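Since we're looking at a predicted model, the values are computed, not measured. To find a chain, count down the sequence lines: A is the first, B the second, and so on, and within it residues start at 1.
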Number of protein chains: 2
Amino acid sequence: MNKQTVTIYDVAREAEVSMATVSRVVNGNTNVKPSTREKVMKVIEKLDYRPNAVARGLASRRTTTVGVIIPDITNLYFSSFALGIDDIAAMYDYSIIMANADQGREEKVVTDILSRQVDGLVYLGHTMTDKIRHEVERTRTPIVLAGMIDPEGKMPSVHIDYESAVAEAVSRLFDQGIEDVAFISAPEYQVDDELGRFNGYKKALASHNKDLDSALCLTAENSRYRAAEEVGQELIDSKAQAAMIIGDELAAGVSNYVQDKGLKVPEDISIVSSNNSIITEIVRPQLTTIAPPLYDIGAVAMRILTKLMGDKSVEEEVIENKNILPYKIIVRDSTK
Amino acid sequence: MNKQTVTIYDVAREAEVSMATVSRVVNGNTNVKPSTREKVMKVIEKLDYRPNAVARGLASRRTTTVGVIIPDITNLYFSSFALGIDDIAAMYDYSIIMANADQGREEKVVTDILSRQVDGLVYLGHTMTDKIRHEVERTRTPIVLAGMIDPEGKMPSVHIDYESAVAEAVSRLFDQGIEDVAFISAPEYQVDDELGRFNGYKKALASHNKDLDSALCLTAENSRYRAAEEVGQELIDSKAQAAMIIGDELAAGVSNYVQDKGLKVPEDISIVSSNNSIITEIVRPQLTTIAPPLYDIGAVAMRILTKLMGDKSVEEEVIENKNILPYKIIVRDSTK
DNA sequence: TTGTACGCGTTATCAC
DNA sequence: GTGATAACGCGTACAA
């Protein structure tokens with residue numbers, strides 16, 4: 001297991017300087033005479049020396065590593081966030097420890113990642129439990145939520161106003177004369193989150209003087225394509241002539257299902273999706289959808305995190321607690 | 001920036017034992033009297049002590065962290081690998097440092113990740129440059145390639161026999177009486193990789209006494225959905241009545257494009273895709289496709305890596321250099 | 001501009 | 001079973 005062999009000390013000896021000087025050279029400290037800097041650089045080259053980031057992390061108490069908690073990498077919704085996070089992180093020379101936090105493993109995952117002394121955390125989960133909150137606060141690790149908002153309003157977050165987005169999309173259906181619009185999603189989206197999707201649905205109902213009809217709130221097992229069958233049938237059996245569906249895979253699945261059953265989209269049933277991933281363009285008819293700037297949400301979250309982690313140059317900057325990015329609604333062929 | 005405050009030393013003092021004993025307790029060493037173990041545990045609980053993984057990594061020279069190099073997180077092909085890797089890694093309590101290595105940044109990314117003293121590496125790239133090879137060998141870090149094979153045969157790898165898979169899929173088209181089958185892919189798949197897709201195409205041609213026609217080898221800019229337009233038109237303009245397409249997004253794009261242009265799939269053009277991601281089921285007609293066990297490839301790669309990293313329990317086990325997993329071919333409606 | 005010496009929090013090697 | 005004590009490789013006052 002002898003991996004790294006050449007240390008800063010070896011370089012110092014070979015270059016006939018102290019390790020402090022080598023350290024200065026490596027870290028770009030200006031207080032080094034150009035000639036010695038060059039001498040050290042040559043030895044570094046010759047010995048093929050690479051700084052040990054672990055030792056560096058221990059000594060400096062900064063690991064230049066951020067943790068990313070993600071519920072499902074294979075879900076385009078989340079991986080688009082991740083790409084934005086990764087790009088900005090790379091730009092600032094941070095590495096990313098990424099952990100897939102499926103089905104309630106979030107707490108273990110967070111604890112573990114914190115023990116690795118990450119400088120910051122981007123959290124893409126659905127729920128923020130008290131335990132997680134406590135862990136994060138205990139270690140005083142900066143955290144930014146992406147794609148959700150802290151119910152307690154303490155943690156900074158980046159999100160879009162899904163409430164307005166859904167309200168707008170659903171209202172548009174009502175305004176077309178559609179009487180009954182179903183709301184279809186996995187269980188985790190059928191709650192009263194701040195700026196949440198379900199709230200938007202209820203808001204649209206209210207503004208059109210309609211009551212919430214639980215028969216029109218359809219719950220899919222999860223947000224994946226295959227979960228659409230059961231809920232698709234429920235949609236057909238309902239009186240709805242349109243559906244607001246959370247999750248592109250689910251929406252595509254429902255659209256395909258109802259068409260396989262002989263219905264026409266949008267003539268018989270209009271469908272609106274929520275994330276504008278490439279799936280909404282692949283499926284036919286192409287889906288009208290809310291278009292959140294997923295990549296940007298990730299990128300902005302990471303950018304805020306770098307500030308929180310104290311790139312001292314920006315210490316004076318004001319950091320908003322809730323960063324709400326603009327969304328669009330893209331009308332395609334799945335609605336009239 | 002004072003994050004972690006309570007150390008192993010604090011626990012030792014409070015429990016009136018030495019830090020060595022605390023370390024033993026934390027690491028489950030059996031050589032400790034049950035009563036003192038209990039005493040220490042209580043203090044750990046009381047002080048809410050968490051081991052510092054960075055210090056541990058420095059002292060033990062093991063970080064229980066593996067690096068994953070991935071060309072594009074938002075590509076379902078790769079993220080499916082990643083999920084398999086992550087699941088097995090979690091099982092063995094390894095954390096994952098994941099780096100998106102787009103457009104030739106692989107070398108920087110690998111160098112950086114190695115400086116973080118990862119215990120192993122899973123490499124999902126397309127190309128293994130000499131520089132990367134050198135970096136990895138210099139640090140003696142175990143590595144496993146997933147979804148590719150080391151051209152030099154030195155590094156262990158997990159893959160499927162895409163050559164046979166493509167050959168089988170294309171031969172099937174020929175056997176149906178189709179005269180001309182196009183091969184469509186991004187540039188990186190139009191090379192002579194071992195067990196490579198392009199080789200499979202040529203193999204099928206050869207076994208049916210056909211010559212390679214460069215007019216039938218169509219190159220898309222990349223593997224994404226939107227890259228399909230141009231190449232889709234080229235397909236229409238060619239004499240091909242079928243296409244073997246590498247990448248599900250690209251295949252879906254081509255399928256949609258030719259249909260938008262008035263052609264019928266499979267009546268006018270048959271289409272075969274390569275990865276069996278959910279996209280092949282979303283698009284209509286559903287795509288006939290090669291079905292590689294993506295998740296399993298990632299999982300097996302990670303499992304092999306754990307052995308290479310020396311879980312001593314398996315030190316005697318023989319490790320294959322090339323691990324070829326079985327594939328399937330799933331026939332759907334995009335072929336006759 | 002450069003060097004000395006201590007500290008970061010843990011593991012590991014000895015003794016006892 | 002337990003406890004000193006020396007690494008691990010580097011950053012960083014503080015001195016010079």
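The interatomic distance linking A:Asp10 (CG) with D:dG9 (P) rounds to 9 Å, in whole Å. The distance from atom CZ of B:Arg116 to atom P of D:dG9 is 18 Å, rounded to the nearest whole Å. The distance from atom CD of B:Gln117 to atom C1' of D:dC8 is 11 Å, rounded to the nearest whole Å. As a whole-Å value, the separation of A:Tyr9 OH from C:dG3 C1' is 12 Å. Between B:Asn31 atom CG and C:dC16 atom C1' the separation is 15 Å, expressed in whole Å. Atom CG in A:Asn29 sits roughly 9 Å away from atom P in D:dT12 (whole-Å rounding). Residue B:Arg13 contributes atom CZ, which lies 13 Å from atom P of C:dT10 at whole-angstrom precision.
Here the nucleotide nearest the side chain of B:Met19, chosen from C:dC8, D:dT5, D:dG9, is D:dT5. Of the listed nucleotides (C:dA12, C:dG9, C:dT11), C:dA12 has the atom at the smallest distance from the side chain of B:Ala20. Picking from D:dG11, D:dC10, D:dA4 the nucleotide with the shortest atom distance to the side chain of B:Ser18 gives D:dA4. Considering only side-chain atoms of B:Ala59, the nucleotide from D:dC8, D:dC10, C:dC8 that sits closest is D:dC8. Here the side chain of B:Ile8 is nearest to one of C:dT2, C:dT10, D:dC10, namely C:dT10. Checked against C:dT11, D:dG9, D:dG1, the side chain of A:Asn52 finds its nearest nucleotide in D:dG9. Residue B:Ser23 places its side chain closer to C:dT11 than to any other of C:dT11, D:dG11, C:dT10.
Taking the charged nitrogens against the carboxylate oxygens, A:Glu45 and A:Lys42 have no contact shorter than 4.0 Å, which rules out a salt bridge. Using a 4.0 Å cut-off between charged side-chain N and carboxylate O, B:Arg50 and A:Glu135 make a salt bridge. The existence of a salt bridge linking A:Asp93 and B:Lys108 is confirmed by a sub-4.0 Å separation between a basic side-chain nitrogen and an acidic carboxylate oxygen. Checked for salt-bridge contact, B:Glu14 and B:Lys46 meet the test: a charged N lies under 4.0 Å from a carboxylate O.
Within 3.5 Å, a donor on the side chain of A:Arg24 pairs with an acceptor on the base of C:dG3, or the reverse. Side-chain N/O atoms of B:Arg37 and base N/O atoms of D:dG1 include no donor-acceptor pair closer than 3.5 Å.
Between B:Val136 and B:Tyr123 the shortest side-chain heavy-atom distance does not fall below 4.5 Å. A 4.5 Å side-chain heavy-atom check between B:Val68 and B:Phe81 finds every atom pair outside the cut-off.
Contacts of B:Val26 with the nucleic acid, taken as non-hydrogen atoms under 4.0 Å apart, are absent. Heavy atoms of B:Val54 sit nowhere under 4.0 angstrom from any nucleic acid atom.
Close to C:dT2, at under 4.0 Å from its OP1 or OP2, lies a side-chain N or O of A:Thr36. At the phosphate of C:dG3, OP1 or OP2 sits under 4.0 Å from a side-chain N or O atom of A:Thr21. The phosphate of C:dT10 has OP1 or OP2 within less than 4.0 Å of a side-chain N or O from B:Tyr49. Contact between the side-chain N/O atoms of A:Arg56 and the OP1/OP2 oxygens of D:dG11 is found at a separation under 4.0 Å. For A:Asn27 and D:dG11, the shortest distance from a side-chain N or O to OP1 or OP2 is below 4.0 Å.
Mapping B:Leu58 and B:Lys33 onto DNA chain D via the closest heavy atom, the residue that lands nearer the 5' end is B:Lys33.
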